[in-house]
2 protein chains.
Amino acid sequence: MDARLMEQKAGVRERGPAGGPGPTPGEGGAGTALLFLREEQMRLAQDLFFFAYRDLAASADAILLEFGLGRAHHRALHFIGRRSGIAVSELLALLRITKQSLARVLAELVARGLVLQVPGPRDRRQRLLSLTEEGRALERRLFERQRERMVAAYREAGGAAVDGFRRVMRGVMDEQTRDLLEPRGARSPAADRGRAAG
Amino acid sequence: MDARLMEQKAGVRERGPAGGPGPTPGEGGAGTALLFLREEQMRLAQDLFFFAYRDLAASADAILLEFGLGRAHHRALHFIGRRSGIAVSELLALLRITKQSLARVLAELVARGLVLQVPGPRDRRQRLLSLTEEGRALERRLFERQRERMVAAYREAGGAAVDGFRRVMRGVMDEQTRDLLEPRGARSPAADRGRAAG
DNA sequence: CGAATTAAGACAGCTTCATTGACTTAATGG
DNA sequence: CCATTAAGTCAATGAAGCTGTCTTAATTCG
């Protein structure tokens, strides 16, 4: 482990290393203490990911329960709403689940009139997905619930923090995922190829 | 919806609102456009949460597969390692799952010699949990795999970004979760009550 | 002391959401 | 025409959560 991977100065120590469990610092000079600090920072980041994701996801559960839907349905609604006219195969690539897993979820959403399937105009094998009026209404309710939380967090943290948040989140993703994230955002010139039915 | 919740200046437009699907801006004056921008920001944040969490979690799967363990085991190992000597009830509160769900996971970890249970010295009803040597070794491998990703993200983003990341992540959590996050971090004076067996 | 509470564990059954593998149908495209 | 692709389907399986009920042992409190 090379001893200078992060040259951050600001915000690194925020709070002492919480003297409790784990290897106690100060046994091998300042280098060891720094290593310990950095490890504690990374472990804290793991905690943050777990708790923040869990609580954000859970905040929409009450609405889902009303409809007898689960989180898998929420994710599908989210991405279909975000990319209206998306093909099934594209949705599969976004979610990274199998065709079977998605099929169950999608069948329920279509059966309840929340999602619409129309054959692709250019490629009629495709079934392009979009939200119905009802689907859009539900997705909006779910979104508003989570939005409250995120707006509050963004406001408390401030604009600079928001920018930092986004940079770190992007950095943690797979490179492949990062490419998928930009709907038409340029950067890579081969990104908007093969996207029929805008 | 009041029209000035976020007074962020930096990093708000980073990329145009991706002219594709959704309500097109510029139909109701500048106010509508700003509203649209903010909504797009919040939806992007949802994407970031989903993708970053998923990819970070998935990065440890290969190691788990070697051992025939799942992500639930990983989470348990993580928190037991982080709070050595934690009681079962405390672990339940951290994970927010039921006793049954944890029991299955814990039984496997103990059976494989990765986790140790010892009766609480003060309260002998408790079973205090800690990692065995083997358990610590496995947890470290899992941690290192995720650490690579996070260190890279932190380094690319920079120190200020890391601080912002942490603030936003904290803000998104439940208040209750935020309290649990600080192992002995003061701030709230009733935080370190009832924590037997340090 | 004795009763109520608490910590942990166990039994039985269920739900959600993912997996694999094999196969079909229809449309596309060289 | 034939290989490939998009989507859907059947069947079985696994991971990880849930409920409700119950027991045992230890603690706490009136």
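In this text, all values refer to a predicted model and were calculated from it rather than measured experimentally. Protein chains get the first letters and strands the later ones, always in sequence-line order, with residue 1 at the start of each.
With C:dT28, C:dA18, D:dA16 as the choices, the nucleotide that has an atom nearest any side-chain atom of A:Asp123 turns out to be C:dT28.
In this structure, B:Leu106 places its CG atom 15 Å from C1' of D:dA16, rounding to the nearest Å. In this entry the distance linking CG of B:Leu92 with C1' of C:dA10 reads 14 Å, nearest Å. One interatomic measurement links the two molecules: CG of A:Leu95 to P of C:dT19, which rounds to 10 Å at whole-angstrom precision. The distance from atom NZ of B:Lys99 to atom P of C:dA7 is 10 Å, rounded to the nearest whole Å. As a whole-Å value, the separation of B:Leu102 CG from D:dC18 P is 10 Å. Distance, A:Ile97 CD1 to D:dA16 P: 17 Å, rounded to whole Å. Summarising the geometry, the separation between CG on B:Leu129 and P on C:dA7 is reported as 14 Å, rounded to the nearest angstrom. Counting to the nearest Å, the P atom of D:dT19 and the CZ atom of B:Arg96 are 14 Å from each other.
Residues A:Gln100 and A:Arg71 each lie close to DNA chain C; by heavy-atom proximity, the contact nearer the 5' end of the strand is made by A:Arg71.
Heavy atoms of B:Ala107 sit nowhere under 4.0 angstrom from any nucleic acid atom. Within the nucleic acid shown, B:Ala103 has no heavy atom closer than 4.0 Å to any nucleic acid atom. Across all strands shown, B:Arg104 has heavy atoms under 4.0 Å from base atoms, whether or not it also approaches the sugar-phosphate. Using a 4.0 Å heavy-atom cutoff across all strands shown, A:Gln117 reaches sugar-phosphate atoms only and no base atom. Across all strands shown, A:Ser89 has heavy atoms under 4.0 Å from sugar-phosphate atoms exclusively, and none from any base.
Taking 4.0 angstrom as the limit, A:Arg124 places a side-chain polar atom (N or O) nearer than this to OP1 or OP2 of C:dT28. One finds no side-chain N or O of B:Arg127 lying less than 4.0 angstrom from the OP1 or OP2 phosphate oxygen of D:dT24. B:Thr98 has a side-chain polar atom (N or O) that falls below the 4.0 Å cut-off from OP1 or OP2 of D:dC18. For the OP1/OP2 pair of C:dT19 and a distance below 4.0 Å, the side-chain nitrogens and oxygens of A:Ser101 include at least one atom meeting the criterion. Between B:His73 and D:dA15, a side-chain N or O to OP1/OP2 separation shorter than 4.0 Å is absent.
Aromatic ring pairs are classed by plane angle as parallel below 30°, tilted from 30° to 60° and perpendicular above 60°; the pair B:Tyr53 and A:Phe49 is tilted.
You'll find the side chain of A:Met150 reaches within 4.5 Å of the side chain of B:Gln46, heavy atoms only. Contact annotation: the side chain of A:Leu114 never approaches that of A:Glu108 to less than 4.5 Å [non-hydrogen atoms, C-beta and beyond].
Counting only N and O atoms by type, the side chains of A:His78 and B:Asp47 include a donor and acceptor under 3.5 Å apart.
Counting distance only, with no hydrogens placed and no angle test, the side-chain atoms of B:Arg125 and the base atoms of C:dT6 include a donor-acceptor pair under 3.5 Å.
Other residues, nucleotides and ligands place more than 12 heavy atoms under 6.0 Å from the CZ atom of A:Arg54.
Residue A:Ala76 comes nearest to A:Val105 through the heavy atom pair CB-CG1, 4.0 Å, listed as atom of the first residue, atom of the second, then distance.
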